[in-house]
Novice: 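Would you mind keeping the following structure in view while I ask a few things?
What you see below is based on every heavy atom in this structure, not just the backbone, and it leaves out hydrogens, waters and symmetry mates.
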Amino acid sequence: MVRSAVAPLTPGTRVLVTGAGITGRSVGAALEPTGVRLTICDDDPLALQRLITPATVVTTVEAVDRITDYALVVTSPGFPPTAPVLAAAATAGVPIWGDVELAWRLDQAGWFGTPKRWLVVTGTNGKTTTTSMLHAMLVAGGRRAVLCGNIGNPVIDMLAEPAELLAVELSSFQLHWAPSLRPDAGAVLNVAEDHLDWHGSMDAYAADKARALDGRVAVVGLDDPIAAGLLDGAAAAVRVGFTLGDPAAGQLGVRDGALIDRAFADGLVLADAASVPVPGPVGVLDALAAAALARAVDVPAAAIADALSSFHVGPHRAEVVAEIDGVTYVDDSKATNPHAAHASIAAYPRVVWIAGGLLKGASVDELVSDVSNRLVGAVLIGRDRALVANALSRHAPDVPVVEVVTGEDSEVPETNESDVNSVTRLMTAVVAAARRLARHGDTVLLAPAGASFDQFSGYAERGDAFAAAVRATR
């Protein structure tokens, strides 16, 4: 296929890439064949040293000073619109693309052969599980598909793969910088308060999520009021909802314990709801969303059922660590906001809740009020543990609370031996406290409702430390 021109990527054009991390390096490698004159800005000397693609390197201050020298800025998704270099570009009228926007334009222009069919998943919570389920369904249906986006490999790195379909997880940051994206099908799972410091408002956050709905088929979670409200404004010609209830025409839902398709078929049974391996209602919703996207590209019901029956939950996402003395220990460290923690707790009847960390300005009052009847104890950690404790005292005063204080929750720990030991000591104390609160049949659940960077390098380290502490008690 002949490559089409992608304005403003003509040879010799000056292009600025913000950020020399994983995304920046991928963008640089993708731009090199276009013949543009590439400049990369970053204030981290180590990140700049890792660059392989030939490029001029500058600091962000230098990039701001020279912003009118560039015909295009390609940004990494972590840069908010208020970042000085992007604010300067916007003021100067320089176009700003994200890595996803760049990937979309290059793909549609045939730079990697026949354009791929994009299936996009976004939402505040459940993106990774849903995208992984979708990929499994596509593969089970015999389709050539790759998994990419926020879930792991940048989309732009996967465009050269011999695949027909892309199962793409996209964050609100990535969608904000991808205004031209028109996926074959896109889903918004849910929209809850998160990242408002980046987007500026809940309306702006929801509007960026809604960009996933501007392609051929739009899919939304009808049980989530904000997501459901996005369907009427979707640009897609085909609009589909999914729900835990009995589906109406144009919807997927649950009837008599089975996942049912009334959007792409007339009441077709897709799978047994009990076969969904993710516990609780959230697992069924993720499966319905994935199935809707799969059905949008004609994946048969048998493949959807096969994929769900063999699906494995990813690490730190409602992952069962162990069962000891009749108590089940579950690692849902990825539940980094109240909405995710709510869904996690709702999957179990009696929970000893491990919570805390960085709440990022979010309130946990509604969460605690809603799940108070399921809580039999709480073990609190991290910088914002007092906020969780206060919510528990107001809405669940009879729930016993233990605060584990280490004195090391004010900043991100360095990765050295002493910090590893402090993390181990912390989680050993947390698990010991949880064991004292738990009774036979209970679930000890790490679903913190907050980010981890006050005490850990990330949610994965938090989950790994929890799992190790649990296994050490056997």
Side-chain angles (χ1 to χ4, degrees), residues 3-21 23-43 47-48 51 53-109 111 154-156 170-183 195-201 203-215 233 235:
R3 295 173 174 176
S4 300
V6 182
L9 295 181
T10 54
T13 300
R14 295 175 63 91
V15 175
L16 174 69
V17 175
T18 66
T23 300
R25 294 196 295 272
S26 295
V27 166
L31 286 173
E32 188 177 353
T34 68
V36 300
R37 296 171 62 189
L38 188 62
T39 299
I40 298 180
C41 72
D42 200 302
D43 294 327
L48 293 172
L51 292 174
T53 302
T56 301
V57 297
V58 297
T59 67
T60 52
V61 171
E62 290 172 318
V64 169
D65 290 341
R66 305 175 187 174
I67 198 65
T68 55
D69 292 346
Y70 306 107
L72 173 68
V73 174
V74 182
T75 184
S76 297
F79 281 70
T82 54
V85 66
L86 300 186
T91 300
V94 179
I96 304 171
W97 297 355
D99 64 301
V100 173
E101 177 78 4
L102 175 65
W104 171 256
R105 291 187 182 234
L106 291 175
D107 182 44
Q108 297 303 296
W111 276 78
V155 184
I156 205 160
L170 293 183
S171 70
S172 57
F173 303 162
Q174 291 168 310
L175 285 163
H176 178 87
W177 298 119
S180 299
L181 177 66
R182 301 293 182 269
H195 303 303
L196 301 191
D197 53 344
W198 198 100
H199 292 276
S201 70
D203 287 344
Y205 176 54
D208 284 335
K209 290 289 190 189
R211 287 186 167 175
L213 308 178
D214 288 342

Novice: Measure across H176 and D208 and return the closest heavy-atom pair with its distance rounded to 0.1 Å.
Specialist: ND1-OD2, 2.9 Å
Novice: Mind checking side-chain hydrogen bond (donor to acceptor under 3.5 Å, both in side chains) for T13 and listing every partner two or more places apart, or none if nothing turns up?
Specialist: T10
Novice: Taking side-chain contact (heavy atoms from CB on, under 4.5 Å) as the test, write out the residues that go with P154, two or more places apart.
Specialist: I22, S26, I156, D157
Novice: Quick one: OG on S172 to CZ on R211, what's the gap to the nearest 0.5 Å?
Specialist: 11.0 Å
Novice: From Q174 CD over to T75 OG1, what is the distance, rounded to the nearest 0.5 angstrom?
Specialist: 11.0 Å
Novice: At their closest point, which heavy atom of T39 faces which heavy atom of R14, and how far apart are they?
Specialist: OG1-NH2, 4.5 Å
Novice: Identify all side-chain donor-acceptor contacts of residues 54-64 below 3.5 Å with residues at least two apart in sequence or on another chain.
Specialist:
| unit_1 | atom_1 | unit_2 | atom_2 | d |
| --- | --- | --- | --- | --- |
| T59 | OG1 | E62 | N | 3.2 |
| T59 | OG1 | E62 | OE1 | 3.3 |
| T60 | OG1 | D43 | OD1 | 3.2 |
| T60 | OG1 | D43 | OD2 | 2.7 |
| E62 | OE1 | T59 | N | 2.8 |

Novice: What do the steps show when you test I67 against L16 for side chain to side chain contact (heavy atoms under 4.5 Å, CB included), and what is the final call?
Specialist: CA-CA 8 Å; I67 198 65; L16 174 69; 4.1 Å; yes
Novice: At what distance, to the nearest 0.5 angstrom, does OH of Y70 lie from OG1 of T68?
Specialist: 9.5 Å
Novice: Start with the C-alpha gap between V17 and L38, add the side-chain angles, then the distance that decides, and say whether side chain to side chain contact (heavy atoms under 4.5 Å, CB included) holds.
Specialist: CA-CA 7 Å; V17 175; L38 188 62; 3.4 Å; yes
Novice: Applying side-chain hydrogen bond (donor to acceptor under 3.5 Å, both in side chains), can you list everything that pairs with T23, at least two apart in sequence or on another chain?
Specialist: none
Novice: Let me check something: any side-chain donor-acceptor pairs from residues 77-102 under 3.5 Å, sequence neighbours excluded? List them with distances.
Specialist:
| unit_1 | atom_1 | unit_2 | atom_2 | d |
| --- | --- | --- | --- | --- |
| T91 | OG1 | A87 | O | 2.9 |
| E101 | OE1 | S180 | N | 3.0 |
| E101 | OE2 | R105 | NE | 2.8 |
| E101 | OE2 | R105 | NH2 | 3.1 |
| E101 | OE2 | S180 | OG | 2.6 |

Novice: Let me confirm one number: the CZ-CG distance from R182 to D214, rounded to the nearest 0.5 Å.
Specialist: 5.0 Å
Novice: Give, for atom CG of L170 and atom CH2 of W177, the distance between the pair rounded to the nearest 0.5 Å.
Specialist: 15.5 Å
Novice: Determine whether a donor-acceptor pair (N or O, by modelled atom type, separation under 3.5 Å) exists between the side chain of R37 and the backbone of V15.
Specialist: no
Novice: Short question: side chain of R25, backbone of A20 - any donor-acceptor pair under 3.5 Å?
Specialist: yes
Novice: Can you list the residues that meet the side-chain hydrogen bond (donor to acceptor under 3.5 Å, both in side chains) rule with S76, with sequence neighbours excluded?
Specialist: none
Novice: For the side chain of W111 and the backbone of A30, is there at least one donor-acceptor N/O pair under 3.5 Å apart?
Specialist: no
Novice: What's the separation between atom CG in L106 and atom CG in L9, rounded to the nearest 0.5 Å?
Specialist: 6.0 Å
